[in-house]
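Structure record follows, encoded as C-alpha cells.
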Number of protein chains: 2
Amino acid sequence: MGTTKLNIHDTDNNYLAKVAKVFSHPARVAIIKYISACNSGCICNDLVEEIGLAQPTISQHLSEIKKIGLLNQSAHGKSLSYSINTEKLNACRRLINDFFVKTQVSASR
Amino acid sequence: MGTTKLNIHDTDNNYLAKVAKVFSHPARVAIIKYISACNSGCICNDLVEEIGLAQPTISQHLSEIKKIGLLNQSAHGKSLSYSINTEKLNACRRLINDFFVKTQVSASR
DNA sequence: GAGTAATATTGTAATATTGCGATGTTAAAA
DNA sequence: TTTTAACATCGCAATATTACAATATTACTC
C-alpha cells in the first residue's frame with residue numbers, strides 16, 4: 001500500500017501523470033519559469049536566492065525536472081548553466097494539450 | 001518540514017501546481033478520460049470496475065478532481081452521475097497552455 | 001420499516017515527497 | 001597544493017499521498 005499502482009494503468013496515462021507531476025510543485029514551476037526567462041544563457045544557483053529554498057532542495061527539484069528531460073545542462077567554470085530543452089517542453093505541451101482536446105471533444109458530444 | 005512552502009511562492013505558481021497535481025496521478029487521468037468519454041450522461045462506479053481500484057480509492061480520487069471544480073455531479077436514483085465541467089477544463093487548459101507559451105517564448109529569445 | 005445498492009467517510013498501514021543540515025565532489029583560484 | 005565556490009548526494013525528520021477494510025450515509029425497493 002501507499003504506492004501508486006502503475007501496473008493497472010496504461011503507459012499513456014502513466015506518462016502523462018509523470019509529466020504533470022513535474023509541474024505539480026510551485027518551486028518547480030518557479031524554477032522552470034526562471035530558467036526560461038533567463039535569456040541567452042547561464043543561470044545556476046541564483047535559483048537558491050531567487051526562490052527561497054535551501055540549495056539541496058533546489059538541486060533536488062532540478063533533478064526532478066531533469067528526469068523528464070526538460071533541462072539542458074552545461075558546465076561553465078565551476079558553475080552550471082541550465083536552459084530549457086525547448087523540443088522537450090514542446091512535447092510536454094503537445095502531450096497535455098492532446099489530453100485536453102480528447103477529454104473535451106468527447107465531453108461536448 | 002515535509003510540507004510544501006506555499007508562502008514563498010506567488011499565487012499563480014501555487015495554483016498552477018495545484019491544478020497540475022490533479023493530473024499527476026494515472027488513476028485520476030483515467031477517471032477524467034473515462035468520464036469525458038461517457039457521452040450523454042450518467043456514469044458512476046463503473047469506474048471501480050473499469051479502473052482496478054477499490055471503491056474508497058476511486059471516491060478519494062474523485063474528490064481530488066472535484067476540489068478544483070472539474071466535475072459536475074448529479075444524483076440519479078441512488079447512484080451519482082458525474083460529468084466534466086467543460087468550462088473549468090477549458091480554464092485549466094488555458095492556464096497550462098499559457099504557462100507553456102510563456103516559458104517557450106522567453107526560452108526562444 | 002427492513003433490506004439493499006451506491007457512494008462517502010473514517011481509520012490506518014505503507015510509501016512518497018518536501019525540506020534541510022552535513023558532507024561529498026569537482027574545478028577554478030590563490 | 002590548499003582553499004574556496006558551486007553544485008550533488010546522503011541521511012533524516014516532518015508531512016503528504018495512496019490504497020483499502022470497515023463503517024457510515026443516503027435513497028430506493030420490498
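Below, chains carry the letters A, B, ... as their sequence lines are ordered, and counting in each starts from 1.
Of the listed residues (B/L89, B/N85, B/I31), just one forms a side chain to side chain contact (heavy atoms under 4.5 Å, CB included) with B/L70, and that residue is B/L89.
Inter-residue side-chain proximity for B/I68 and B/C92 is flagged as met; some heavy-atom pair is nearer than 4.5 Å. Using a 4.5 Å heavy-atom cutoff, the side chains of A/V29 and B/F99 are in contact.
The line from CD1 of A/I51 to NZ of A/K33 is 11.0 Å long, rounded to the nearest 0.5 Å. Rounded to the nearest 0.5 Å, atoms CG (B/D12) and CG (B/L95) are 8.0 Å apart.
Contact annotation: B/S59 side-chain N/O to C/dA8 OP1/OP2 distance is under 4.0 Å. The phosphate of D/dA6 has neither OP1 nor OP2 within less than 4.0 Å of any side-chain N or O from A/S79.
Aromatic ring centres of B/F100 and A/F23 lie closer together than 6.0 Å.
Between A/I8 atom CD1 and D/dA19 atom C1' there is a gap of 10 Å when expressed in whole angstrom units. Distance A/E64 CD to D/dA8 C1': 14 Å, rounded to the nearest Å. Spacing between atom CG of A/L80 and atom P of C/dT26 amounts to 13 Å, rounded to whole angstrom units. The CG atom of B/N7 sits 16 Å away from the P atom of C/dT18 (whole-angstrom rounding). Here the P atom of nucleotide D/dT18 and the CG atom of B/L62 are 13 Å apart, to the nearest Å. Atom P of nucleotide D/dC7 and atom CD1 of A/I58 are separated by 11 Å, given to the nearest angstrom. Between the P atom of D/dA6 and the CG atom of A/L47 lies a distance of 13 Å, rounded to the nearest Å. When the C1' atom of D/dC7 is taken as reference, atom CD of A/E49 falls 14 Å away, rounded to whole Å.
Linking ILVMFWY residues whenever their side-chain heavy atoms come closer than 4.5 Å, directly or via other members, places B/I8 and A/L47 in the same cluster.
A/T3 comes within 4.0 angstrom of the backbone, heavy atoms only, and of no base.
Proximity of residues 19-30 of chain B to DNA chain D (heavy atom under 4.0 angstrom from any strand atom) is restricted to B/K21, B/H25, B/R28.
Heavy-atom contacts from other residues, nucleotides or ligands closer than 6.0 Å to NZ of B/K18 number 12 or fewer.
Checking B/G2 against A/L6, the closest nucleotide of DNA chain D that is more toward the 5' end is the one next to B/G2.
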Fill in the blank from the handout: Quick tally for nucleotides 20-30 of chain D: nucleotides whose base has a protein heavy atom under 4.0 Å get B, sugar-phosphate-only ones S, the rest -, giving BBB--------

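The stretch residues 2-11 of chain B participates, sequence neighbours left out, in these side chain to side chain donor-acceptor pair (under 3.5 Å) pairs: A/H25-B/T4.
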